[in-house]
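I have a structure here, written as structure tokens, and I will follow up with some questions on it.
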Amino acid sequence: MKSDNSINQIKKFHLANDELVIDWQDGSQSNLYSHWLRDHCQMPQSRNANNGQRLFSVINIPKNTSIEEVKQDERGDLHIRFMPENYWSIFSQNWLWINCYNLNNHFDDRSEKNKHLWQKNSFKDGMPRTKYKNFQETDEGRLEVLRAVRDMGFCIIEDASIKEGLVQSVISQLGFTRETNYGKLFEVRTEVKPNNLAYTNMGLGSHTDNPYRDPVPTVQLLHCLESSTQGGESVLVDGFNAAKKLREESSENFENLTNNWINFRFSDDKTDLRSRVPMIEVNDNHEVIKVRYNNRSIDTINLPSEKIRPFYLAYRHWGEVIERDELKVIFQLVPGEIIIFDNTRVMHARTAFSDKGKRHLQGAYTDLDGLYSLLNILENRNND
Ligand code: NM2
Ligand code: OGA
Ligand code: ZN
């Protein structure tokens, strides 16, 4: 499997049954199925010239599509004639190299395999931090934050003001606010009749926010405005690393939680949100792409009788792993700091705090799609 997009040259090529076989200068070989090639035609008949979007559907490709002949031009590009359409399509050498499906890894920016997993002792040289001024004023600063969120799942933006609403202005630099029943922005502080335990001075165990919402908000921001109480420390756990530990210790328990979906629920006077989702979600290659956990919001667990006992073994094991001290990064968020984290990966918690003094955070949600999109744009701009 090749790991980069370096340029390569076609050494020779031939047809074998329903495949075009390309031997590359570096010794690697592409085997490309005729239907795949026809479907990926890059010509203006097949792709809109303004936006590159495909103009046809797979059902427009004749069932008996085959490759009749292939020629190479002086630039090295391949001209392929498809039958029964008698249609010539040109594929550039570089396109074939970069897109060949048997030589390239599939794209998955959410998978555990593309992340740097961490635990308590991973941050001896400090946690990912960026100065607010850098973030605000430079592409490098924004890139630093976005890369940290992509790779580590979080970043602290430090030395910001304690201006109310700052989380909204940070979000507007990165993507779009994900408004919920808690508002565009929510106040995390002790309330008299709270609709959520987050709005008390109680400690909160490791959790992801809003698992009862489908789709879940994928990014959360918390901005500290005031913190003069005893306690109220912030805790982060890499949920992908926790899932890895679970799998290493018991692949049975791991699979149990990917296969048995459970109900989450949140309700108050105006809202009744429900979901049925797995606590650990994997992709088609069995790699973890999402975790969900919030003991406060798990609804009645309803599984077939024979699955209840093994489920409880797995659930207890998972609940125990995510509370392990060696996985927890504990720190005090100070006024003027904003933490931004991937709510599909990083679990957060807080320790209880005293009712003397004041603790006030403002929070908001946004989504990973907007952040990754900006990251792709900024990275491509830097490569140009
Ligand atoms: N708040 C802080 O997901 C949760 O229920 C955790 C969320 C209320 C928006 C708290
Ligand atoms: C929350 C939450 C953590 C804190 O608001 O979702 O978990 O530090 N808060 O108060
Ligand atoms: Zn929370």
Side-chain angles (χ1 to χ4, degrees), residues 127 153-154 156-157 162 165 167-168 171 177-239 262-275 277 279 290-299 322-323 328-355 357-367:
M127 302 201 289
F154 74 100
I156 294 170
I157 303 177
I162 51 166
V167 270
Q168 286 304 328
I171 289 179
T177 297
R178 176 76 181 274
E179 191 173 357
T180 68
N181 60 303
Y182 301 110
K184 286 192 170 70
L185 179 138
F186 47 84
E187 313 285 345
V188 182
R189 60 185 164 199
T190 308
E191 282 181 7
V192 179
K193 254 189 108 221
N195 71 345
N196 195 301
L197 289 176
Y199 302 151
T200 67
N201 66 345
M202 289 170 66
L204 303 173
S206 294
H207 66 280
T208 58
D209 265 32
N210 292 207
Y212 40 76
R213 195 185 301 282
D214 189 9
V216 76
T218 47
V219 176
Q220 184 173 6
L221 290 90
L222 289 169
H223 174 208
C224 180
L225 298 174
E226 203 172 353
S227 164
S228 61
T229 53
Q230 286 294 315
E233 283 176 310
S234 301
V235 181
L236 297 180
V237 171
D238 183 348
I262 56 160
N263 296 71
F264 288 94
R265 185 169 182 187
F266 172 86
S267 62
D268 66 8
D269 298 347
K270 298 192 194 79
T271 310
D272 188 0
L273 290 159
R274 302 167 188 224
S275 69
V277 286
M279 287 199 258
K290 247 180 232 159
V291 296
R292 300 180 182 83
Y293 190 88
N294 190 329
N295 64 303
R296 288 166 274 146
S297 311
I298 294 177
D299 200 8
I322 63 175
E323 288 296 342
K328 285 183 179 165
V329 175
I330 305 180
F331 58 101
Q332 189 67 251
L333 205 60
V334 303
E337 284 184 346
I338 301 157
I339 179 150
I340 169 167
F341 55 90
D342 176 347
N343 188 47
T344 66
R345 169 181 173 193
V346 173
M347 304 205 181
H348 60 291
R350 71 154 185 244
T351 61
F353 55 93
S354 66
D355 45 18
K358 269 198 178 152
R359 184 177 189 274
H360 181 198
L361 311 182
Q362 283 190 327
Y365 301 117
T366 178
D367 279 305

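Each ligand, and each atom within it, is numbered from 1 in the order the structure gives. Atom set for the values below is all heavy atoms of this structure, side chains included, hydrogens, waters and symmetry mates excluded.
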Exercise answer, ligand 1 polar atom pairs (N/O) under 3.5 angstrom:
from     : atom 1 : to     : atom 2 : distance (Å)
ligand 1 : 3 (O)  : Asn210 : N      : 2.6
ligand 1 : 3 (O)  : Asn210 : ND2    : 2.8
ligand 1 : 3 (O)  : Tyr212 : OH     : 3.1
ligand 1 : 5 (O)  : Asn196 : ND2    : 3.0
ligand 1 : 5 (O)  : Tyr212 : OH     : 2.6

Query raised in the report: Any luck finding a side-chain donor-acceptor pair between Tyr365 and Asn343 under 3.5 Å?
Result: no

Query raised in the report: Counting from 1, what ligand 2 atoms have a heavy atom of Leu204 closer than 4.0 Å?
Result: 2 (C), 7 (O)

Report task. Mind checking how many protein N/O/S atoms fall short of 2.8 Å from the Zn ion (ligand 3)? Result ->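 There are 3 of them.
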
Report task. Report yes if the side chains of Asp299 and Tyr212 come closer than 4.5 Å at any heavy-atom pair, otherwise no. Result -> no

Query raised in the report: Would one find an N or O of Ser234, backbone or side chain, under 3.5 Å from an N or O of ligand 2?
Result: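 No.
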
Query raised in the report: In ligand 2, which numbered atoms sit nearer than 4.0 Å to a non-hydrogen atom of Gln220?
Result: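 In order of numbering, the contacting atoms are 1 (C), 6 (O).
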
Query raised in the report: Does the side chain of Asn210 come within less than 4.5 Å of Gln220's, by heavy atoms?
Result: no

**Report entry** Numbered atoms and elements of ligand 2 in range of His207, under 4.0 angstrom, heavy atoms
**Finding:**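 Those atoms are 6 (O), 7 (O).
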
**Report entry** Heavy atom of the protein closest to atom 5 (O) of ligand 2 (residue, atom name, distance)
**Finding:**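 Closest protein heavy atom to atom 5 (O) of ligand 2: Val188 CG2, 3.5 Å.
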
**Report entry** Residue pairs fulfilling side-chain hydrogen bond (donor to acceptor under 3.5 Å, both in side chains) with at least one residue in residues 224-233, sequence neighbours excluded
**Finding:** none

Requested in this report: Report the nearest protein non-hydrogen atom to atom 8 (O) of ligand 2: residue, atom name, distance rounded to 0.1 Å.
Outcome: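 Checking every protein heavy atom, the shortest distance to atom 8 (O) of ligand 2 gives Arg359 NH2, 2.7 Å.
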
Query raised in the report: Any side-chain heavy atom of Met279 sitting closer than 4.5 Å to one from Phe264?
Result: yes

Requested in this report: Taking side chain to side chain contact (heavy atoms under 4.5 Å, CB included) as the test, write out the residues that go with Leu197, two or more places apart.
Outcome: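 Thr200, Met202, Leu204, Arg296.
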
**Report entry** Per-residue contact class, Leu333 against ligand 2 - non-hydrogen pairs under 4.0 Å
**Finding:** neither

